[in-house]
Amino acid sequence: MRWQHAFIPTLRDDPADAEAVSHRLLVRAGFVRQLMSGVYSLLPLGFRVCQKVTGIVREEMDRIGAQEFRLPALHPGEIWKQSGRWSVVGEEMFRLQDRRGVDVCLGMTHEEIFTTLALELRSYRDLPQIWYQIQTKFRDEARPKSGVLRVREFTMKDSYSFDLARSGLDSAFQRHFDAYRRIFSRCGIETVAVEASSGAMGGSESVEFMVASDAGEDHIASCGACGYAANVEKATSALPEIDDEGSASSLEKFATPGVRTIDDLVAFEGGAPPERQIKTLVYVLDGSPALVLLRGDHALVEQKLRDATGAVEARPAHPGEIRQALGASPGSLGAVGVRDLLVIADLALEGRRGMTTGANEDEVHVRGVDVARDLDVRAWHDLREVRAGEACPLCGGALAVGKSIEVGHIFKLGTRYSEALGVQVLDEAGASVPIVMGSYGIGIERTMAAVVERCHDAAGIVWPVPVAPYEVVVTVVNPNDVPTAEAGAQLYEALLSAGIDVILDDRDERPGVKFKDADLVGIPYRVTVGPKGLAKKQVDLTRRRDGQSTALDLSRAAETVIEAVLEERR
RNA sequence: CGGGCCGUAGCGCAGCUUGGUAGCGCGCCUGAAUGGGGUUCAGGAGGUCGCGGGUUCAAAUCCCGCCGGCCCGACCA
């Protein structure tokens, strides 16, 4: 490609509405443009990067024996009704009707469609299978943001494994785990694999591949000492024991005028420190109110509540609903004596005594609560959010909590979909058994953005060679100087015929403009061809990532550059 | 879905309070010089002021409605 003829609309100024680094740079360097909220066009540079990413994904998927498909993005609503997800996924699915009034939707993922194809698997001899595609997904996100990181239309590699038994699924899952490790590492980003909640996908186990970044929206807890890592939706920690000996042992109501919060009660004369308080939250789980109990200084993770109860919808109750359920307002709520509501408690409250909580009378609390004696807890679950500095549940080391971007997610689905859609095979004994499934996703544009989040500096993007839109730019300092232009073109041809992704910057621009653009776009190697160097029969090779520059003899320049690029291609 | 903010030239912005010929920087086009980190000079093109309605002699500016976008939070496979 000659830059002169390329569509690379770089901007001198940062776009005003871009906050995230990847958003700012991908727009400014001419990789993407927004069409509407959460919908982006990939420009030639952006498309080239995504092609590199999907190329790596294909190689690694093929390596684990996966077969590529191409499924429709337009789905009949019927099949989603069969799996039960038509009603579960809610407003996040784009839905429409065709001219006959038939429900149709745009695919947010393809479990249903691949599972339908799997109906043609008849015998255990047909298994195992791993099927995948690289396809556009549609999700009507409530709040698209951060450029291409969180969007409503995006490309996803999604694969699905089909096995006769649990052990086969374990193996397919492990192979995906290894493949994902290789994929992201080849893309030049470090990922942390974390335990995650399976959410509405269902299934028993899931692992997310996370890239640490402030632009990310997930919080993960990790232990530097032993490597434990989990999404805070799933993470736990070890808490120091609290000695309740000597605390008040009999129930005693007391007036607490003006006390509305945990902190108020801490400051209140005769109150209690947060770890001696019981926080009472009223949640509506699929339409029914329930009390959720936590220690005063702990925060609820709603996803844990959903996972623990199996509720699809879990929302805080409105003030009116709370008053109806308990007869008091938030700030004075408690579970003492509550028999007619589901009471769910966090494990950190188990066995505690001498606790203080609301009395279900406004501005009245009760002390001396013995959890086992006074509360009718129906279910115990881990519900609290871990905090940085708490002890690792495995080794006791201090946990760190940081933001990160989810670039991949792998699930063990089990038989949820095969049972819903009737996918069975005959096993060796001739019995019909549901196929055991797994599903595995990678966000392509999100991976591109994650690379930018990790690989950039003040001047622009710094692409790792394997995903760079071009590996080398040959910059002609002065294209009007014939010998310079010719030397540049020759070098360009030599690199091109060696299979290097090279672009020749032959624009009639000041050298500074061309250097700035090359840095902004992030091309890993720049060969500068100019009259000064040519006078010594030399050109300069500059490495983007550290700016290191070396003079090369013109005669050996192509060879040296090719070597450097191939070295980093992997 | 709640809160805040913003739509004026390709990009970044001023003008709106107090109604009266639509501006600036960068970019773009032409010419010249220049040529190793966003160079300089001269000339030029480019705007339904988000959309619709209203008030007015007159609306980018005031009023009403709508649409779109951004940020924070809620939510999220």
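Below, read A as the first sequence line, B as the second, and so on, with proteins coming before strands; counting in each chain starts at 1.
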According to the interplanar angle, ranging from 0 to 90°, do the rings of His110(A) and His75(A) count as parallel (below 30°), tilted (30 to 60°) or perpendicular (above 60°)? perpendicular
Could you check whether the rings of Phe173(A) and Tyr440(A) sit parallel, tilted or perpendicular, using 30° and 60° as the cut-offs? tilted
Check the angle between the aromatic planes of His409(A) and Phe411(A) and answer parallel, tilted or perpendicular using the 30° and 60° thresholds. parallel
Does Lys412(A) pair with Glu205(A) as a salt bridge, N-O distance under 4.0 Å? yes
Would you classify Pro15(A) as touching base, sugar-phosphate or nothing, given that sugar-phosphate means primed atoms plus P, OP1 and OP2, and contacts are heavy atoms under 4.0 Å? sugar-phosphate
For C51(B) and U8(B), measure between their C1' atoms and round to the nearest Å. 15 Å
Indicate the ring-plane relationship of His23(A) and Tyr40(A), choosing parallel, tilted or perpendicular according to the 30° and 60° boundaries. perpendicular
C1' gap between G46(B) and C29(B), integer Å: 10 Å
Identified pairing partner of C1(B), criterion: Watson-Crick or G-U wobble below 3.5 Å: G73(B)
Any strand: nucleotide that pairs with G68(B) via Watson-Crick or wobble, under 3.5 Å: C6(B)
Give me the distance, rounded to whole Å, that separates C62(B) from G19(B) when you measure between the P atoms they each carry. 9 Å
Rounding to a whole Å, what distance do you find between Phe7(A):CZ and C28(B):C1'? 14 Å
Could you list all N or O pairs between the protein and nucleotides 33-41 of chain B that sit under 3.5 Å apart?
residue: U34(B); atom: O2; partner: Arg510(A); partner atom: NH1; Å: 2.4
residue: G35(B); atom: O6; partner: Asn480(A); partner atom: ND2; Å: 2.5
residue: G35(B); atom: N1; partner: Asn480(A); partner atom: ND2; Å: 3.3
residue: G35(B); atom: N1; partner: Asp508(A); partner atom: OD1; Å: 3.2
residue: G35(B); atom: N2; partner: Asp508(A); partner atom: OD1; Å: 3.2
residue: G35(B); atom: N2; partner: Glu509(A); partner atom: O; Å: 2.8
residue: G36(B); atom: O6; partner: Gly530(A); partner atom: N; Å: 3.3
residue: G36(B); atom: O6; partner: Gly530(A); partner atom: O; Å: 3.4
residue: G36(B); atom: O6; partner: Gly533(A); partner atom: N; Å: 3.0
residue: G36(B); atom: N1; partner: Asp540(A); partner atom: OD2; Å: 3.0
residue: G36(B); atom: N2; partner: Asp540(A); partner atom: OD2; Å: 2.7
residue: G37(B); atom: O6; partner: Arg526(A); partner atom: NH1; Å: 3.0
residue: G37(B); atom: O6; partner: Arg526(A); partner atom: NH2; Å: 3.2
residue: G37(B); atom: N1; partner: Asp519(A); partner atom: OD2; Å: 2.9
residue: G37(B); atom: N2; partner: Asp519(A); partner atom: OD2; Å: 2.4
residue: G38(B); atom: O2'; partner: Arg12(A); partner atom: NH1; Å: 2.6

Got a salt bridge between Asp382(A) and Lys304(A), using NZ or NE/NH1/NH2 to carboxylate O under 4.0 Å? yes
P atoms of G44(B) and C49(B), separation to the nearest Å: 25 Å
Looking across every strand, which nucleic acid part, if any, lies under 4.0 Å from Glu92(A) by heavy atom: base, sugar-phosphate, or nothing? sugar-phosphate
Please state how far atom CG in Leu281(A) lies from atom C1' in A74(B), giving the value in whole angstrom units. 15 Å
Hey, is the side chain of Arg315(A) poking within less than 4.0 Å of OP1 or OP2 on C1(B), counting only N and O atoms? no
Integer-rounded Å distance: C1(B) P and Glu141(A) CD: 15 Å
Pairing of Arg24(A) and Asp14(A) as salt bridge, 4.0 angstrom limit: yes
Partner of C24(B) by Watson-Crick or G-U wobble geometry, both contacts under 3.5 Å, or none? G12(B)
If you count the non-hydrogen atoms of other residues, nucleotides and ligands that lie under 6.0 Å from NZ in Lys81(A), is the total more than 12? yes
A14(B) to C6(B) separation - C1' atoms, rounded to the nearest Å: 15 Å
Does Arg315(A) pair with Glu321(A) as a salt bridge, N-O distance under 4.0 Å? yes
Output yes when Lys137(A) and Asp158(A) qualify as a salt bridge under the 4.0 Å nitrogen-oxygen rule, no when they do not. yes
May I have the distance from Asp140(A) (atom CG) to C75(B) (atom P), rounded to whole angstrom? 18 Å
Which whole number of Å gives the distance between the C1' atom of A60(B) and that of C16(B)? 7 Å
Using whole Å, report how far CG of Leu43(A) lies from P of C11(B). 13 Å
Give none if U39(B) has no partner; otherwise give the nucleotide forming a Watson-Crick or G-U wobble pair with it, both distances under 3.5 Å. A33(B)
Could you give the CG-to-P distance, from Asp307(A) to C76(B), as a whole number of Å? 11 Å
Interatomic distance where CZ belongs to Arg85(A) and P belongs to C76(B) [whole Å]: 15 Å
Same-atom distance (P) from C63(B) to G23(B), integer angstrom: 25 Å
For the atom pair CZ (Phe7(A)) and CG (Leu43(A)), what is the distance rounded to the nearest 0.5 Å? 5.0 Å
Can you give one letter per nucleotide of nucleotides 67-73 of chain B, going 5' to 3': B for a protein heavy atom under 4.0 Å from the base, S for sugar-phosphate only, - for none? --SSSBB
Could you work out the separation of G47(B) and U40(B) based on their C1' atoms and round it to a whole Å? 29 Å
